[in-house]
Amino acid sequence: MTSLYKHPISHALTSFNGNTTETEQPASQQQGGKVHHLPASIWKSKQGKSKSPLDVAIEASRDFFFREQLPKGYWWAELESNVTITAEYVMLFHFLGMVDHEKQRKMANYLLSKQTEDGSWTIYYGGPGDISTTVEAYFALKLAGYPAEHPAMERARTFILEQGGIIKTRVFTKIFLALFGEFAWFGVPSMPVELTLLPNWAYLNMYEFSSWARATIIPLSIVMEKRPVKKLPPAARIQELYLRPPRPIDYTFSKEDGILTWKNFFIGVDHMLKVYESSPIRPFKNKALAAAEQWVLEHQEHTGDWGGIQPAMLNAILALHVRGYANDHPVIVKGMEALANFCIETEDELVLQSCISPVWDTALALKALVDSGVPSDHPALVKGAQWLLDKEVRKPGDWKIKAPNLEPGGWAFEFLNDWYPDVDDSGFVMIALKGIQVKDRKSMNGAIKRGIDWCLGMQSKNGGWGAFDKDNTKYLLNKIPFADLEANIDPPTADLTGRMLELMGTFGYALEYPAATRAIEFLKENQEPEGPWWGRWGVNYLYGTWSVLCGLSAIGEDLEQPYIKKAVNWIKSRQNIDGGWGETCESYHDRTLMGMGESTPSQTGWALLALMAAGEANSSTVARGIQYLISTQKADGTWDETQYTGTGFPKYFMIKYHIYRNCFPLMALGTYRAQTGGMN
């Protein structure tokens, strides 16, 4: 099974296990494509004559990563989320009038493969059925030609109606339905395009929104101003998903209890905005539409991407389409090609990823190999490090609005995303690069200096770090009716702040360094009463606590302090009977579930790394965790993991990084051997 895309993906690191072929140049013709292993005699001298189970596990995992490194030096694993991403891809093709029936067949197969027994589709593996996700999958299948009488459709429809029907879906689902006349546009929260004209100093200008919200809302405001409707044939409509014919009251927003709440206030504002939007007198509308269009055009990367995420890319294409851009316009063509490069395709299925993570995956793989004892001049490390150095961001992005005097530096998540580098990728890339013996050390040192300066310059006023912007803390934006994903801002979080402390410590910054002092105070203020830290970008308290403890250890904080001991004791208290750790995505909804769930390799890796950073390498708790990893490893050096342990938007968008189940166990095993010389 093959698929032809611009970039090959590490085939054993996907749910498809399909091989991919690179169209730029065959692997056999690429210079330096082969990954060379050290001679066995050298490895023997480093490992000793006899191999313990720990050594065997490390070697097997390490060899897996050697096999999975791609010819250009990077690693790239699948980023799995939920089916709405692919369902919306089906909708896009229909809206543009450019349906590829073979791709549509494969996408429908993928959607059907993810349906659960109760007829629903979920946000994460094993989670409860989600009405918005299920409605989008149902609609995409209807567009693909599946009749309402199909057994899968009947089961989905039963679930949807039991949950209250289309009226109960979230905002983005309603917008996609409105594009096809299946939901009324006046039932969608207002986002007047004139908001794009507000100056950067205005309290609620577009740069107070998170980068991902901004890159989605600006093009979407063009679409919502036009309110286009693509008429469907009767067989493709989904009016059967309403409990009864909708009435005007069904399109109103549910208010909170009480009169004086911010949510209720913004609902009132939305009513006024709708009156304004219906007025024939809107003197700034055309200027705003032109400004929004220009913003979209300026923010397209030369590869066709917008923001590195599916929502921004798809909505940008929709916006330009309603502005009159033809399907064969170069901007649209490049945008569609960029979406295609996010796909994984086999003979029978096609999935569109919400985002791609080659920079992140490569940094993780390099760090795991370094921690496992691979020499710093090993060709695999050198090749991977050089690939990362070539991906350094050297252009100013949206972050420049809040940090006008800061020079560019750092790294993004994807192959290319110059507008939106982030401190998490940047920090981890530099930590992974440290010490690797690339040919041009001067060039690497320069990139690292620029990256550190950029990261430190992104510290927010409260001492913490957000991902893409500094001081992105207008919490009121999560109260507007449009914000039912609660993700309109990018405030500082403990996990990112921990990463920045680890970066500083890794490169020799002292505990007394002002940025570190402020960061530690931020972490103390945001520690949970039970001891852990909430995780914004991974599930959940185990992730946050891992990042924080590694950061505090690296910067030289006194590990005997009570607040650190409290975190350590919390991790120990969450160890499962089998020796591993796990945490359900439900902990974002119910904090009593923090640190609770079936054991997973990735979360066990985080817990072990956190404990070892806090000086617990020789504890029985860590020994049991290491034994769990060794005993659950497969013969090919990998681990299985069905759970989603990554986070896009807490509560609403969960991620399964297919590299996590392998890189974090290897980091933990390697760190354990380095700290203890263990012979498990």
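Remember, predicted model here, so these are calculated numbers, not experimental data.
The pair Asp63-Arg67 does not meet the salt-bridge criterion, since no charged nitrogen lies less than 4.0 angstrom from a carboxylate oxygen. The pair Lys449-Asp453 meets the salt-bridge criterion, since a charged nitrogen lies less than 4.0 angstrom from a carboxylate oxygen.
Residues Thr647 and Tyr588 bring a donor and an acceptor atom of their side chains to less than 3.5 Å of each other. Between the side chains of Tyr652 and Glu486, a donor-acceptor pair is found at a separation under 3.5 Å. Between the side chains of Asp398 and Ser211, no donor N or O sits under 3.5 Å from an acceptor N or O. In summary, the side chains of Tyr74 and Asp361 do not present any donor paired with an acceptor at a separation below 3.5 Å, with no hydrogens or angles considered. Residues Ser602 and Glu641 bring a donor and an acceptor atom of their side chains to less than 3.5 Å of each other. Ser460 and Asn462 share no side-chain donor-acceptor pair at under 3.5 Å. Using modelled atom types and a 3.5 Å distance limit, the side chains of Tyr124 and Glu586 yield a donor-acceptor pair.
The closest donor-acceptor contact from the side chain of Ser81 to the backbone of Ile655 lies at 3.5 Å or more, if one exists at all. Side chain of Thr600 to main chain of Gln603: a donor-acceptor pair is present (N/O by atom type, distance under 3.5 Å, no hydrogens or angles). Under the 3.5 Å distance criterion, the side-chain polar atoms of Trp639 are matched with a main-chain donor or acceptor of Leu629. Between the side chain of Arg574 and the backbone N or O of Met594 there is at least one donor-acceptor pair closer than 3.5 Å. Between the side chain of Thr122 and the backbone N or O of Pro128, no donor-acceptor pair lies under 3.5 Å. The backbone N or O of Cys550 lies less than 3.5 Å from no partner atom in the side chain of Ser553, so there is not a single donor-acceptor pair. A donor-acceptor pair is defined here as one N or O able to donate and one able to accept, closer than 3.5 Å; no such pair exists between the side chain of Gln675 and the backbone of Arg673. In this structure, the side chain of Asp495 engages the main chain of Arg536 through a donor-acceptor pair within 3.5 Å. No donor-acceptor distance shorter than 3.5 angstrom exists from the side chain of Glu530 to the backbone of Trp570, with no hydrogens or angles considered. Between the side chain of Lys391 and the main chain of Ala412, no donor-acceptor pair closer than 3.5 Å is present.
Val548 places none of its side-chain heavy atoms less than 4.5 Å from the side chain of Thr497. Between Leu669 and Ser372 the shortest side-chain heavy-atom distance does not fall below 4.5 Å. Inter-residue side-chain proximity for Cys663 and Lys367 is flagged as unmet; no heavy-atom pair is nearer than 4.5 Å. Side-chain contact between Asp469 and Arg214 is present, with heavy atoms from C-beta onward closer than 4.5 Å.
Taking the six-membered ring for Trp and thresholds of 30 and 60 degrees, Trp360 and Phe413 have ring planes inclined between 30 and 60 degrees apart. Between His378 and Phe66, the two ring planes are parallel [angle under 30°; tilted spans 30° to 60°]. Ring geometry, Tyr660 versus Phe664: the interplanar angle exceeds 60°, so the pair is classed perpendicular (tilted spans 30 to 60°). Between Phe428 and Trp546, the two ring planes are tilted [angle within 30° to 60°].
Taking every heavy atom of both residues into account, Thr642 and Glu598 meet most closely at OG1-OE2, 4.3 Å. Nearest approach of Ala516 to Ile555, heavy atoms of both residues: CB-CG1, 3.9 Å. Nearest approach of Leu366 to Gly384, heavy atoms of both residues: CD1-C, 3.8 Å. The two residues Asn472 and Glu208 come nearest to each other via the heavy atoms ND2-O, 3.4 Å. When every heavy atom of Thr545 is checked against every heavy atom of Pro532, the shortest pair comes out as OG1-CB, 3.2 Å. Summarising the geometry of Lys402 relative to Asp471, their closest heavy-atom pair is NZ-O, 3.1 Å, with the distance given to 0.1 Å.
Counted within 6.0 Å of NZ on Lys434, heavy atoms from surrounding residues, nucleotides or ligands total 12 or fewer; the atom is thus considered open. The neighbour count for Lys439 NZ, taken as heavy atoms of other residues, nucleotides or ligands under 6.0 Å away, does not exceed 12.
Centroid-to-centroid, the aromatic rings of Tyr628 and Trp581 stay 6.0 Å apart or farther.
Not a single ring-ring contact (aromatic ring centres under 6.0 Å, His included) links Tyr644 to another residue, sequence neighbours left out.
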Which atom pairs, donor and acceptor, lie under 3.5 Å between side-chain atoms of residues 502-513 and protein residues at least two apart or in another chain?
{"unit_1": "Thr506", "atom_1": "OG1", "unit_2": "Glu502", "atom_2": "O", "d": "2.6"}

